[in-house]
2 protein chains.
Amino acid sequence: MSDPADDLIPSVFARDCASRGVLTNVTGKWGGLALAALHDGSYRFNALRRRVDGVSEKMLAQTLQALERDGLVRREVQATIPPRVEYSLTPLGARAAAKLKELIDLLEGEIGQVRAARAEYDRDHAAGVR
Amino acid sequence: MSDPADDLIPSVFARDCASRGVLTNVTGKWGGLALAALHDGSYRFNALRRRVDGVSEKMLAQTLQALERDGLVRREVQATIPPRVEYSLTPLGARAAAKLKELIDLLEGEIGQVRAARAEYDRDHAAGVR
DNA sequence: GTTGGTACTTTCTAATAGTTAGTGCATTCT
DNA sequence: AGAATGCACTAACTATTAGAAAGTACCAAC
């Protein structure tokens with residue numbers, strides 16, 4: 001985006017383009033999984049944390065905040081004790097999540113192929129053959 | 001994947017599932033961009049580095065190695081001086097890249113909406129309103 | 001001679017992820 | 001009574017990874 005003319009054409013390939021930033025959030029380790037979970041329906045904070053195995057409260061809170069700021073996730077607060085916060089996808093978030101879900105389904109569906117590739121790669125590189 | 005029965009059903013939501021690892025590689029900051037660039041055609045190392053603004057040699061080499069190991073990227077070496085290495089997508093890599101490209105096109109296409117959302121978020125949270 | 005090209009690897013520094021404890025109220029259990 | 005659990009985060013500290021910069025060896029061009 002150093003070329004002013006490029007400002008008019010968003011490109012994730014350009015470091016400073018806003019689309020790079022949102023792509024980084026959407027496809028971040030936890031962002032993608034949060035969006036994919038929310039694709040199945042809205043979640044409260046701890047339910048979402050239980051759904052996405054391995055994410056810490058800190059990383060989840062941070063991720064949801066970024067996604068909310070990007071306009072992909074909606075955060076609705078009820079002033080109850082204990083607090084009750086519900087996360088759901090905005091229309092744009094739903095569109096992004098649908099694309100992510102397709103990618104995820106593909107990778108899950110072809111995991112056998114990936115495993116075979118990894119085994120072959122590790123065999124070929126065990127003796128530093130390269 | 002702690003439940004043996006779950007071994008039969010790949011899920012990116014399970015921390016130890018192989019599909020989680022490959023999703024992390026594919027949607028990593030540099031992995032996604034490398035796949036998207038290779039979607040447009042094969043690249044040699046430095047050409048790819050110039051295409052993906054902001055990636056270091058180190059991160060690119062590391063990323064391509066992971067993608068190669070997952071069976072998504074093919075690395076072809078010609079024993080020339082200087083060395084000549086060409087990267088291209090495998091059939092599985094091409095399928096994943098196509099999905100990624102759809103997601104990227106969506107985010108690039110809606111970047112105005114993202115910018116507006118960010119502006120609104122920042123306004124609402126400037127005084128710590130939340 | 002210097003500079004640039006090739007595709008990485010190595011070493012050190014900077015940044016972020018991750019771990020753990022904390023907040024304050026309510027409910028349930030011992 | 002105290003302890004544990006729930007809620008949704010935040011703060012402080014530690015661990016890990018990203019990133020910056022230099023290095024490798026050969027060739028070609030200036």
Among all residues two or more places apart in sequence or in another chain, which pass the side-chain contact (heavy atoms from CB on, under 4.5 Å) test with [X]?
X: Ala116(B); result: none
X: Ala98(A); result: His39(A)
X: Arg44(A); result: Arg84(A), Glu86(A)

Interface polar pairs with nucleotides 18-24 of chain C, N/O, under 3.5 angstrom:
residue	atom	partner	partner atom	Å
dG18(C)	OP1	Lys29(A)	NZ	3.3
dG18(C)	OP2	Trp30(A)	NE1	2.6
dG18(C)	N7	Lys58(A)	NZ	2.8
dG18(C)	O6	Lys58(A)	NZ	2.9

In whole angstroms, the gap separating P of dC9(D) from CD of Gln65(A) amounts to 9 Å

Rounded to whole Å, the CD-P distance (Glu86(B) to dT6(C)) equals 13 Å

Quick note, salt bridge (Lys or Arg N to Asp or Glu O under 4.0 Å) partners involving residues 89-98 of chain A, not counting sequence neighbours, are Arg95(A)-Glu110(B)

Numerically ordered, the residues 33-48 of chain B set in heavy-atom contact under 4.0 Å with DNA chain C is Arg44(B), Phe45(B), Asn46(B)

Sorted by chain and residue number, the salt bridge (Lys or Arg N to Asp or Glu O under 4.0 Å) partners of Glu57(B) (sequence neighbours excluded) come out as Arg49(B)

Those residues at least two apart in sequence (or on a different chain) that pass salt bridge (Lys or Arg N to Asp or Glu O under 4.0 Å) with Arg118(B) are Asp70(A)

Residues 101-109 of chain B, side-chain donor-acceptor partners within the protein, below 3.5 Å, at least two apart:
residue	atom	partner	partner atom	Å
Lys101(B)	NZ	Asp105(B)	OD1	3.0
Glu102(B)	OE1	Lys99(A)	NZ	3.2
Glu108(B)	OE2	Val12(A)	N	2.8

*Regarding Tyr121(B) and Gln65(A), is there a side-chain donor-to-acceptor distance under 3.5 Å anywhere?*
yes

